[in-house]
Amino acid sequence: MIWHVIHIIDILLWLIMAASVMYVCLFAFFSLFKGKRKQPSTFHLPPSTFLILYPAYHEDAVIVHSVQQFLLSDYPKDKYHLAVISDHMEDTTNKQLASLPITLHLPTFEKSSKAQALQYAIQQTSGTYDHVVILDADNVVKSDFLSRLNEACAEGYKAIQCHRCAKNSDNDIAVLDGVSEEINNTLFRRAHNVIGMSSALIGSGMCFDYQWFKEHVGLLDSAVEDRELEAMLMKEKIFIKFENDIPVFDEKVSNSDNFQRQRLRWMTGQVQTLLLMLPYIPKAITTGNINYIDKTIQQALIPRSMLLVLTFIFAIISTAISFFILHSSLFTLKWWFLFGLLSISLFVAMPSALRSRAVLSRLTYLPRLVWRMIANLFKIDRKNKDFIHTTHNK
């Protein structure tokens with residue numbers, strides 16, 4: 001009787017994990033195909049106007065440098081304006097920012113969040129623009145960032161996700177965080193665009209049609225504003241373009257406490273977004289809104305790093321049970337198959353530049369990070385809308 005129950009539990013666990021593995025495998029396969037390459041513009045495009053927003057909560061360590069770097073842009077100065085929403089930052093930082101040719105907002109929020117900062121900035125903006133760009137306080141871009149973004153916008157896209165990539169690789173955690181983000185870029189952004197589906201958003205390096213954003217930003221009501229925006233875009237069947245060749249350099253977390261806080265924010269947001277999106281699924285099915293259905297499925301997926309470690313652990317456990325008790329290899333083969341398939345899929349999704357011995361050797365640190373993520377499962381509060389802040393280094 002007890003072995004019958006164990007078999008049922010084993011099969012249920014395998015099916016749950018297999019669903020996430022198959023999704024990863026499918027889009028890793030699609031990533032092998034080359035999307036339509038954009039030809040460089042052979043004529044001078046009229047410059048669009050951009051509003052650049054930097055929400056900055058306790059970001060004294062990085063915000064001034066990020067803004068100064070952006071102001072080195074080769075884009076016409078009268079065609080973009082940069083605004084920093086300074087939330088709980090020091091007077092010395094605000095004085096430095098005030099000396100730059102930007103708008104400095106100094107709101108007082110009872111409960112801070114990135115959504116509130118964005119709403120405040122739009123309410124305080126008197127002019128109008130063609131597009132709005134959202135960057136994190138630690139984000140650094142190249143001088144041709146707006147010029148290249150202007151080309152993408154000229155193709156008619158209302159929502160664009162730029163290629164967020166690591167600007168630091170100072171320890172094992174930062175390297176693994178960077179690898180994880182690049183794999184996600186492949187699976188959830190580039191591979192989706194390859195087959196004509198919308199990219200996922202990622203929280204920064206995002207560009208939207210200004211009028212659309214102005215009309216929708218007031219509806220944001222959680223600590224995961226990017227996923228809310230994504231759901232709104234999908235409901236309206238607005239395509240999200242991934243611009244792989246427009247980098248936005250982002251600081252990767254470099255200590256385990258920050259990693260745990262960051263992942264808790266993401267995991268909480270994933271649960272909240274899934275519950276938010278599920279009620280619209282019947283309409284999405286009847287109207288053939290494939291992108292909305294796909295984005296809802298994404299919220300139900302097990303995080304890739306957790307999936308990799310757990311399938312390996314279950315493969316080891318099932319092997320031990322099979323060898324010492326059941327004396328049957330059939331019990332364990334399905335787990336090794338799943339682990340192997342996932343490993344190959346993640347390797348395929350990893351950019352070739354990262355497939356080095358130096359990078360792959362960092363995987364030994366992965367189980368410790370996954371343990372932190374598993375600990376987060378007991379801290380998830382689907383009703384909690386508090387912003388979970390992660391600190392940055394100078």
query: Hey, does the side chain of Lys295 reach the backbone of Ser198 with a donor-acceptor pair shorter than 3.5 angstrom?
result: yes

- request: Return the orientation label for the Trp14 and Trp335 ring planes: parallel under 30°, perpendicular over 60°, tilted otherwise.
  value: perpendicular

Check: Asp130 side chain, Thr49 main-chain N or O, donor-acceptor pair, under 3.5 Å: yes

- prompt: Within the side chain of Asp138, is there an N or O that forms a donor-acceptor pair under 3.5 Å with the backbone of Glu251?
  reply: yes

query: Would you find a donor on one side and an acceptor on the other, under 3.5 Å apart, between the side chain of His58 and the backbone of His88?
result: yes

query: Arg190 side chain to Ser31 main-chain N or O, any donor-acceptor pair under 3.5 Å?
result: yes

task: Find out whether Phe208 and Leu233 are in side-chain contact, i.e. whether some heavy atom of one side chain is under 4.5 Å from a heavy atom of the other.
output: yes

task: Flag the pair Ile240 / Met234 as yes when at least one side-chain heavy-atom distance between them is below 4.5 Å, and no otherwise.
output: yes

query: Has the side chain of Ser147 got a donor or acceptor atom that lies under 3.5 Å from a matching backbone atom of Tyr75?
result: no

message: Any side-chain to backbone donor/acceptor pair from Glu181 onto Ala166? Under 3.5 Å, distance only.
response: no

query: Under a single-linkage definition using a 4.5 Å side-chain heavy-atom cutoff for Ile, Leu, Val, Met, Phe, Trp and Tyr, are Phe314 and Val24 assigned to the same hydrophobic cluster?
result: yes

query: Would you call Lys114 and Glu225 a salt bridge, using N to O less than 4.0 angstrom?
result: yes

- prompt: Can you check whether Ala284's main-chain N or O pairs, donor with acceptor, with Lys235's side chain at less than 3.5 Å?
  reply: no

task: State which residue, out of Asp209, Ile52, Leu53, fulfils the side-chain contact (heavy atoms from CB on, under 4.5 Å) condition with Val132.
output: Leu53

task: Can you establish whether the number of heavy atoms outside Phe337 located under 6.0 Å from its atom CZ is more than 12?
output: no

message: With a 4.0 Å cut-off on N to O distance, would you call Asp10 and Lys334 a salt bridge?
response: yes

query: Which of parallel (below 30°), tilted (30 to 60°) and perpendicular (above 60°) describes His192 and Phe188?
result: tilted

message: Hydrophobic clusters here meaning ILVMFWY residues chained together by side-chain heavy-atom distances under 4.5 Å, can you tell me if Leu307 and Ile9 are in one?
response: yes

message: Starting from Val248, can I reach Val64 by hopping between I/L/V/M/F/W/Y residues whose side chains sit under 4.5 Å apart?
response: yes

task: Group every Ile, Leu, Val, Met, Phe, Trp and Tyr by side-chain heavy-atom contacts under 4.5 Å, then state whether Ile134 and Ile238 land in the same group.
output: yes

query: With distance as the sole test, does His163 use its side chain to make a donor-acceptor pair with the main-chain N or O of Asn244 at under 3.5 Å?
result: yes

task: State whether the side chain of Lys283 and the backbone N or O of Pro279 hold a donor-acceptor pair below 3.5 Å, judged by distance alone.
output: no

- prompt: What about Phe27 and Leu32, same hydrophobic cluster or not, with Ile/Leu/Val/Met/Phe/Trp/Tyr joined at side-chain heavy-atom distances under 4.5 Å?
  reply: yes

Got a list of side-chain donor-acceptor pairs under 3.5 Å for residues 117-129, not counting sequence neighbours?
| unit_1 | atom_1 | unit_2 | atom_2 | d |
| --- | --- | --- | --- | --- |
| Gln119 | NE2 | Val217 | O | 3.0 |
| Gln119 | NE2 | Leu220 | O | 3.0 |
| Thr125 | OG1 | Ala121 | O | 2.6 |

